[in-house]
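Read the structure below first, then the notes.
Note that the structure is a prediction, hence the values are computed from the model and not measured. First listed ligand is number 1; within each ligand, the first listed atom is number 1.
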Amino acid sequence: MSNLRLFTGNSNPLLAKKVAECLNLPLGKCIVSKFKDGEVRVKYLESVQGKDVVLLQSTCTPQDTNLMELLLLADGAFRNSARSITAVFPYLGYSRQDKCTPGEIEPISAKLIAKMLKAAGINRFVTINLHSDQTQGFFEMPVYNLYGHAFFIDEVVLKKKFFGVENLVIVSPDVGGIVRTRTFAEKVGSPHLAFINKRRARPNEAKVLDVIGNVKGKNCILIDDMIDTGGTLIAGAEALKKLGANTITAYCVHPVLSGDVARHIERSPLDELVVTDTIEYARPIVGHKKIRHYSVAPMIANTILKIFDLYPRTRSIKRPVYEYEMEAVI
Ligand code: R5P
């Protein structure tokens, strides 16, 4: 373990602390602050020469600052001759624009991020639920795209037992999420699927056209990778309720939670929203009646141990590795 060093910027200090605890490692010492004009300033307070440096940072709000902190941390480690640099993005921002829409003139932000990581000297990266799996192909380095929905499997299996398999439906909130939802349904052993036919007239505005599948009297499990404005899930939950759904629980890995979404969720027909801590919570989420979370720290720690071939020789991890976590490492 002595060659491993874990550093973090300012995006997820709590999560970084938990990962360090799981690894039984102190967090590396560095300054990640700002110059008076707002420019990001990074300074290592310990040598990383010859070390395997792991940098944990989500590129959530403020995205540009968080990205720059990570890039400068990587560049600093590179210039100090770190043996390897692994970036861990619990949440990878700028990954939604992953293709050019026909007829539109637009960038592919996910590809640009890939080029920036390489230019900064990063050798591999770990993330959780990439917006689209094929984004891995943009990165000319090993990519570990972990399966964040693994945290939700056990409790949905319990729900299946409680309500009965016939009364549980796994629902995709949009056409793009069908494969993700089907995979989750297979993992929990639920044969009943439905999907919501959603359209976006413009970014961040979701409109439900119809629901395909039988949800009347059923307990619906909505599966999504992220909740941002909440439009997708709230409009979806409203449509399901109108069609006579009994309970509606949403499971999303990344709680982007922009603007007033926490308040909207409180008033929505969603019974519960379950997320993870890939993004550190805005204040209104703490103590929210309908929102619960799991910590991804053990999953990240397990993956770091496996990457550096330390896993079988350590017992420092707080939670056993589950089968599906092992499978999730691609
Ligand atoms: C869409 O492709 C994603 O999987 C999410 O459904 C979407 O980003 C959620 O955004 P919002 O909460 O703003 O509807």
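- Considering only heavy atoms from C-beta on, Leu73 comes within 4.5 Å of Tyr44 through its side chain.
- Between the side chains of Asn129 and His149, at least one donor-acceptor pair of N or O atoms lies under 3.5 Å.
- Pairs passing the side-chain hydrogen bond (donor to acceptor under 3.5 Å, both in side chains) check and including a residue from residues 110-126, sequence neighbours excluded, read Thr86-Arg124.
- Which of His254, Met226, Arg180 comes nearest to atom 9 (C) of ligand 1 through a heavy atom is settled by distance: it is Met226.
- Counting the atoms of ligand 1 from 1 in the order shown, those under 4.0 Å from a heavy atom of His131 are 1 (C), 2 (O), 3 (C), 4 (O).
- Evaluated by nearest non-hydrogen atom to atom 14 (O) of ligand 1, the leading choice among Thr232, Ile223, Asp174 is Thr232.
- Of all the atoms in ligand 1, the ones that sit under 4.0 Å from a non-hydrogen atom of Gly230 are 11 (P), 12 (O), 13 (O).
- Residues satisfying the ring pair (Phe, Tyr, Trp, His ring centres under 6.0 Å) test with Tyr94, not counting sequence neighbours, are none.
- Only side-chain heavy atoms of Asp224 come within less than 4.0 Å of ligand 1; its backbone N, CA, C and O stay farther off.
- Closest approach of Ser11 to Pro13, counting heavy atoms only: C-CD, 3.5 Å.
- Using a cutoff of 4.0 Å between basic side-chain nitrogens and carboxylate oxygens, Lys51 and Glu46 are not scored as salt-bridged.
- Atoms of ligand 1 lying under 4.0 Å from at least one heavy atom of Gly231, given by number and element, are 12 (O), 14 (O).
- Residue-ligand proximity, Asp225 to ligand 1, at heavy-atom distances under 4.0 Å covers atoms 3 (C), 4 (O), 5 (C).
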